[in-house]
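Everything on this sheet refers to the single structure shown next.
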Protein chains: 2
Amino acid sequence: MALDLQHPKIQPPHVQVEEALADLIKQLRPGDQLPPEPTLARQLGVSRATLREVLRTFAERGTLVRRHGVGTFVASRIPVLETGLEVLESLGGMADRLGLASEVAFLEVEERLATPTEAEGLGFARDAAVDVLIINRVISVEGEPVADLRDIVPRTYLSQDDLSHDFRGSVLEVFLRQGAPLLSTSRTQILATEATAKFAQRLDVPRGTALLKLVSQLYSCDERIVDYSVAYFVPGHFKFQVLRKVVG
Amino acid sequence: MALDLQHPKIQPPHVQVEEALADLIKQLRPGDQLPPEPTLARQLGVSRATLREVLRTFAERGTLVRRHGVGTFVASRIPVLETGLEVLESLGGMADRLGLASEVAFLEVEERLATPTEAEGLGFARDAAVDVLIINRVISVEGEPVADLRDIVPRTYLSQDDLSHDFRGSVLEVFLRQGAPLLSTSRTQILATEATAKFAQRLDVPRGTALLKLVSQLYSCDERIVDYSVAYFVPGHFKFQVLRKVVG
DNA sequence: CCCGTTTGACTTGTCAGACAACTGACATTA
DNA sequence: TAATGTCAGTTGTCTGACAAGTCAAACGGG
């Protein structure tokens, strides 16, 4: 076959269309109507079928609104304004983005067998003997303690040696840096609880203060739980938010 | 054409396909391969084009993985197990799904001018004079109070008359039923706070109990805030959870 | 026997053109 | 006036075909 030294990247049509469409939407205002599909397809140089597949994903994502027999419109642009809880990000990363200085206090690492609750949180039977690495620490931002974090990770995925001296307090970052295991999603439960004596002291708040409690299980691509974590946040320092879609 | 007396609800093809496909996936295990598109399309009784649009949204959502020239596979099943906080659903709807009986207690409706905080929550200036409808109520599930809700809606969108006698406690449902305004998304802030005397009494918990507080702004398609609401939840009755994506 | 190459079956990606179904506004009629 | 019919414009669906990617088995020369 004729060798064809393709330039660095020649994207397949549907990727090009996604980018072009995203650009187009950026230039329009919410509520504006897109050109009809046949026209738009011609403008973008693809078939209507290909365009439609892309349009559908944009609609699914909430960026566009399509109305049968009427047209396609750019929806409210709100969903992309800021990243909320739906992306998993380390506290350090968040602080960096906001231009704040974060540091790790009270780092405490431990290797032992999981307690029944911990084993269950990792997806094992309560009486399973699971070798785990426990990482406890308090994160301070601008000098004030804001969060108490506890990660439980099976030794299979992480050992004490993998935590370098400059551990920034994020297990997530360690996983991402070492490239394994491959992460997919995290399921996070949202709770509220009162500060016990221990947490009150560590977080420097009065006993009984309401704390936001996030319990999450981090899944790898092969559906195994690689990290079970419990986090307590002092209200007022971080704003957690979620964008919720209305289902017809 | 053969006359076909359409039964009450005849869903459009792509909706049927979505449901059928979801069922099919449920019966398979992660990693399993789907039948080739032409076969599957025939089985589901739609064209390949329609099937492909649906397949694409499933892939986008992370439920399926498609590989050009290879096949379509069931991905990790985690994202679809249960609906979390990311869909906006009324408490009544949630309770219904779970087979629980929910009822409205302490319904209290009021029409007046918005306070500065309320005006701000609705996207107006703090000193703006906004005519609003205030709806306060406590929702009980199985006889126990679980949530205290307060909705603030500009009179433009809702008036006391729109609330029928069988108001089930959900402003969302009223909006959806009357078809206007057209809703897009809700931005919800997640906080924790201690029960004051008032809420302690209403929710029948000790004073100082940690409550989960959700403050949300409901946006219409034309990017206006149509409902500002503050909700307090008693821990332990509802499980709020979020699925968080790992960003490479 | 071994190893690189070619071939071919199979799958997803894209295309073109046509018709059906839906919406909204205007014209028509009772 | 109010209900009804009509029509243009748009999205939804269908059909059949070809392009492009992947994998493995068959093939051939060393």
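Here is the naming used below: chain letters follow the sequence lines, and residue numbers restart at 1 for every chain. Not measured: the values here are computed from a predicted model. We use all heavy atoms of the structure for the numbers below, so side chains are in, but hydrogens, waters and symmetry mates are not.
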*N/O (side chain, A:T72) to phosphate O (OP1/OP2, D:dT11) under 4.0 Å*: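 So the side chain of A:T72 is within the cut-off, an N or O lying under 4.0 Å from OP1 or OP2 of D:dT11.
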_If the cut-off is 4.0 Å, is A:H14 near the phosphate of C:dT14, judged by side-chain N/O to OP1 or OP2?_
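Yes, because at least one side-chain N or O of A:H14 sits under 4.0 Å from OP1 or OP2 of C:dT14.
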Length of the [atom1]-[atom2] vector between [X] and [N], whole Å:
| X | N | atom1 | atom2 | value |
| --- | --- | --- | --- | --- |
| A:Q16 | C:dC15 | CD | P | 10 Å |
| B:E37 | D:dA19 | CD | P | 18 Å |
| B:F73 | C:dT12 | CZ | P | 8 Å |
| B:L40 | C:dT11 | CG | P | 12 Å |
| B:L51 | C:dT11 | CG | P | 14 Å |
| B:L64 | C:dG13 | CG | P | 11 Å |
| B:R52 | D:dG16 | CZ | P | 18 Å |
| A:L55 | D:dT13 | CG | P | 13 Å |

_Which nucleotide wins on minimum distance to the side chain of B:T50, given the candidates D:dT10, D:dT13, C:dT14?_
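The listed nucleotide nearest to B:T50's side chain is D:dT13.
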_Nearest atoms (heavy-atom pairs only) where B:L149 meets B:A231_ =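 Residues B:L149 and B:A231, closest heavy atoms: CD2-CB, 3.4 Å.
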*Would you name the heavy atoms of A:S229 and A:D151 that are closest together and state the gap between them?*
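In terms of heavy atoms, the two residues are closest at CB-OD2, 3.5 Å.
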*Classify every nucleotide of nucleotides 16-23 of chain C by which part a protein heavy atom approaches to under 4.0 Å, writing B for the base, S for the sugar-phosphate alone and - for neither, in 5'-to-3' order.*
--B--BBS
_Assuming nearest nucleotide by heavy-atom distance, tell me which of B:Q33 and A:G45 is located more 5' along DNA chain C._
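Counting from the 5' end, the first nearest nucleotide belongs to B:Q33.
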Between the main-chain N or O of [Y] and the side-chain N or O of [X], is there a donor-acceptor pair closer than 3.5 Å?
| X | Y | result |
| --- | --- | --- |
| B:E118 | B:T115 | yes |
| B:E110 | B:I135 | no |
| B:Q189 | B:L214 | no |

_Any non-hydrogen side-chain atom of B:F58 less than 4.5 Å from a side-chain atom of B:T72?_
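No. Closest side-chain heavy atoms not under 4.5 Å.
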*asked:* If you count every heavy atom of other residues, nucleotides or ligands that lies below 6.0 Å from B:R112 atom CZ, does the total exceed 12?
replied: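 Correct, the count exceeds 12.
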